[in-house]
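Every value quoted in this text rests on a predicted model; they were computed, and no experiment measured them. Hydrogens, waters and symmetry mates are skipped; everything else that's a heavy atom, side chains included, is used. Order of appearance sets the numbers: ligands from 1, and atoms from 1 within every ligand.
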Amino acid sequence: MTALFDRLLSVKLHIDAPRLLLLLSFMVLSQHLACTTLPNPAMQQEFLLHQNWELYIPSDSTWIPAKVPGTVHGDLLAAGIIEDPYIGDNEQKYQWIEEQDWTYRCTFTVPDGFSESTRKQLMFEGLDTYAEVYLDDSLMLKADNMYRSWQVQLDELQPGNTHQLRVTFLSPVRIGKEKMAQLNYFIPAQNEQAPTDARTSVHTRKAPYHYGWDWGPRLVTSGIWQSVKLVEWEKARIPDVHFKLQDLSDSVAVYEVEIEAEAEKTGPSTFWIALNGKLLTEWKDTLQQGVHVYTHDLQISTPRLWWPIGLGEAYQYRTTVEVWQEGSFAARHEGKLGVAKIEMVQPQDEDGKGAGFFIQVNGKPVFAKGANYIPADVLIPRADVDQVIEDALAAHMNTLRVWGGAVYEREKFYERCAEEGILVWQDFMFACAMYPGDEGFLNNIEQEAIEQVKRLRKYPNLVIWAGNNEIWGAFQNWGWKQKFGYNQQQADTMWQHYQAIFYDLLPQVVSTYDSSKLYWPCSPAAAPDRESSPLSGDQHFWDVWFGEKPFTAYEEEPGRFISEYGFQGYPDLATLQAVADSQPLHWDSVFLRSRQRSPMNWIRQGFNGNDMIQRYLEKEFPIPDSFPNYVYLSQLLQAQALEHAIEAHRANRPYTMGSLYWQLDDCWPTVSWASVDYYGRWKAAHYQARRSFAPLMVTAQEKGDSLLIFGVSDYLERTPVKLELQLFDLEENKVVWRYVQEDSLEGQSAKKLVGFRTRKLIKKRNRTHQVLRIILTLPTSISAEKVFWFVPRKEVTLPKAKLSYSIEPVNGGCHLWLSSDTAAFSVKVALPDEWKISDNYVNVFPGTPRRLAITGPGLTPARLRSTVRLVHLSEVISQEEL
Ligand code: BMA
C-alpha cells in the first residue's frame, strides 16, 4: 500500500474533494482486485494458453503431447519419435521434418474470471512460420512471418465455454520453393546448407540459421515458438507507451511521451503518469474511439540515470500510465524506464580521412567489450538465455550484438541485459544473402520492422539498428555475380531490392519509430554506402582465420569498432564425447568433419574449419596424436587469438572503441568460434576473454624491433599503477631480469607504459627459453598479469613442471592453491560442470603459488580433492614426445 499513499500524497495538493474520493475508491478497488481476482490489476486479463497442446503425427494418425512455446523437433524428441538430432548423424536422418505440414491442437475453456461483455483477443507472440489458425474449425488467421505477433479478435467468446484451437504449420521449405519458382534466378543465400537451386531461406521470414549456417545444423523446425494467450479488456487498453527523450541534464530529463491507446468509445478522459508509484503528471484529453496516439510532455527532475556496466548503476524506474474516462478507470500500462541518452557518435578525424565510431551513454564514451550473440539452441524455446548472459557478465562484457541471421530475441533477453547494464547492438534479421523485393515481401518486412522497433525501443540499452549482416560487402566482393551467372538485369534487380529494403524501408521505420537511434544499413561498413575500412565505421576483421594471417595482424591497424573477429576452437572433450555416438574422435575423423560446418573450398576443395585449426596449430604447437591433447591445444590457440585481438583493440583506445568477437555461444554441440560450448562449458577462450576484458588489463606487442607494454583501465578515476616485468629463464628456472615502474592510468584509458628494444631485453638465442611475465597492480592489490612469448610455443623447450596443489576451505567454497617447481603454463583445472572457478588455463611460476577460488553446489574439500584434474602445457607436449 505504500505506493498508494505516495500517490495520494503527491496528488492531494491539486485535486478537489469529490475527485479525491473517487480516486481513492478506484485505488482501493484496483488494489483489491490486484490482491484477489485479477492477475493484472488494470482490468485487463491475460490467460496463457500453454496447456493441453498436442501435435498430430500423420504417419500413424495419432496425437502426441506437445509443448507451447516449443518446436516440432522438440515434441517429436520428447515423444521418442526421433532421437536427439544433435547426436551423431541424426540431423541427416530428420531432414524429412522440414518437408511436412504439422498441426497442433488444444482445447481450452474461457476462464470464469473473464466477463461476457469485454473485448477479447487471441494473441500469438510468435508462430514459426507459415501458420493457419482455426478456432472450432473456422480459419481465423494466416501467418507468414516468424518475427511478427498475430492477434485475432474474439469478442464473442463466453466465460466457461470450451473451444478447440488448431494451428497448422505448412512446410516452410515447400512454400519457399513455390516462391522461388516465381523468379527466373536463384537468390544467393551464402550459408544455407542446401544445393544452390534449393536454397529457400531468403523467401521466408524465418531464422536463417535454421537452414544451416557455418556453425549450425540444418533443422528447419516449425512451432508455436512464443507465448499464446487470451487477453480481455474493457473500455480501453494501452498497448504501447514510448518515452521519447528530448533533453537530459543532471537536473532534468525531458520526455515526450507517446501513449497508444485503444478505446471503445470517445469521451473526456484523464491521463496519469507515475514513476515508482508516485504520480508525476496528469492531464485531460479526449480518449477517442479506436486506436490513437496521445502525446504529453514529462519532466523528471534530478533523474537517476541508467548506465552500462562499469559506468554506474543500471537503474530503471517503474512506470505506470493510466487513463480514466468519464470518471472511471479505463486502462493501465506498466513498464520500466531507464533514463539514458544513447548515441553512436561519429566524430570526424582532424585529418579528415576517417571518423570515430563509438557508443556514448549520457555523454560518456563507452568502449564496447563483448561478443556476437546467437540463440543458444536451434530449438529456440529451450535455449537458456540467462545462462548465456551470465557467461557474458562473467567475462566483463558490456555489449552484445544480436546478429542478423537469427531472431529478434524474446523480451527476457533484452530485459535481463537492461537490468545488468549490457548494451545491445541490434541487427535486423537479414544476413549473408540477397532478398526478394516484391510488394508482398516488402509489406511483410515493413510490418515486422515496425513491430520490432516499437517493441525494442523501450529498452535503455539498445544502441543501434543495423540493417543487415555483411550483405553489402558480400554482393560487391564475394563473387556472387560470376558464381551464379547473373545477367546485368538480374544483378540490377537484386541491387534495387537491396536498396529498397536497406536504404528506404528500414531507415524509414527507424526514423519514424525510434528516431534517436542510428540506423546503420549494413554491418560492417565505413559509412552507409561505403565498404568497411579501418578508418571509419564498424569492421568485421577476418584477416586472421579466413585470411590466414598471423595473430599479430590484429595489432597492425585496428579499426574504429570491430564488430566481428574470431577463431575456432574445439569444444570440451566431454561435449564431443556426448554427441559422437561412439564414432572415432580425431580432428580429421568422419564425424568431426561432418560436425564442422565452415567450408573453405576456395582454399582447397573439401578444406574446412578443422583444416584451418590444424594449419594454425602447426605453426604454434607440436601436433599431438592424442585427441584430448588436441582439444586442449586448439583451445589454447583460440584463446591466444582472442588475447591478441581484444588486447590490441583495447590498447588502441580511443581510436578503437569496440571489440565484439564472433561468437559467444553455440546453438548445438559443435566445433565453432564460440567461447562457450552448447552445454555451457567454457573453452579456454572464455577464460581468456575474462582476463583480456577485465577492467584492468596489461598487454605487450612486438612492433619492429621494439616490445611495447600497454596498460588499460576501465575504472572511472585516475589510478596509480605499478608495472613489474620479470624475464623468466626456463632453463635456469629463475627470474633473470626484473623491471619495476610506478605509473598511473587515467580513468577509461589506454596508455603505452614503456617500450624496450627487444634485442636489448633478450638475446636472440634466449627467445626459445625465456618468457616475459608482466604484472600490473593497483594500490588495492587488484592486478592484471600476462605472459609474453618471444617465439611460437613449439620452439620453446618447456621444463617438465611438477604441479602440486592444496585446498583451503573458505566461506562459500574452496581455494585451490597451485604450486609448481618450474614454470607451468596454461594449467587447466578440470572440475565437475556445476562448479565455477575464478580463473583457468593459468600460469604458475615457482615460488609464487596461484590461488583460484572455486564455488558451486555440493563443493567440499574432499569432493574437490577426489574430482579435480590438472592438465598443463609441458605435460601435454611432452606426452607427445614419448
Ligand atoms: C561472420 C558472421 C556469420 C558467420 C561468421 C563466421 O561474418 O556474420 O555469418 O557465421 O562470420 O563465418
Is it true that [Y] and [X] share a donor-acceptor pair across their side chains at a distance under 3.5 Å?
X    : Y    : result
R593 : Q596 : no
T221 : H210 : no
E411 : Y459 : yes
Y565 : S659 : yes
Q426 : Y414 : yes
N610 : R595 : no

When you measure from [atom] to every protein heavy atom, which one gives the shortest distance, and what is it?
atom                   : value
atom 7 (O) of ligand 1 : E470 OE2, 2.3 Å
atom 1 (C) of ligand 1 : E564 OE1, 2.6 Å
atom 4 (C) of ligand 1 : D214 OD1, 3.4 Å

Requested in this report: With atom 3 (C) of ligand 1 as the reference point, say which of Y209, F541, W213 has the nearest heavy atom.
Outcome: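 Of the listed residues, W213 has the closest heavy atom.
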Query raised in the report: Counting heavy atoms only, which of Y565, W403, W662 comes nearest to atom 5 (C) of ligand 1?
Result: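 Nearest option to atom 5 (C) of ligand 1, by heavy atoms: W662.
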Query - Contacts of type side-chain hydrogen bond (donor to acceptor under 3.5 Å, both in side chains), residue E647, not counting sequence neighbours - result: S692, T699, K786
Requested in this report: Can you sort out the partners of K549 under side-chain hydrogen bond (donor to acceptor under 3.5 Å, both in side chains), two or more places apart, ordered by chain and number?
Outcome: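 Checked K549 against side-chain hydrogen bond (donor to acceptor under 3.5 Å, both in side chains); matches are D543.
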Requested in this report: Have a look at ligand 1 and work out which part of Q663, if any, has a heavy atom under 4.0 Å from it: side chain, backbone, both or neither.
Outcome: neither
Query raised in the report: For ligand 1, which atoms, with element, lie under 4.0 Å from some heavy atom of F546?
Result: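 Atoms satisfying the 4.0 Å criterion: 12 (O).
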**Report entry** Where ligand 1 meets C432 - atom numbers and elements under 4.0 angstrom, heavy-atom basis
**Finding:**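 Atoms satisfying the 4.0 Å criterion: 9 (O).
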Requested in this report: Compute the minimum heavy-atom distance from A431 to ligand 1 and say whether it is under 4.0 Å.
Outcome: no
**Report entry** Test of proximity, R401 against ligand 1: N or O pairs below 3.5 Å
**Finding:** no
Requested in this report: Please confirm whether N469 comes within less than 3.5 Å of ligand 1 when only nitrogen or oxygen atoms on both sides are compared.
Outcome: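 Right, the criterion is met.
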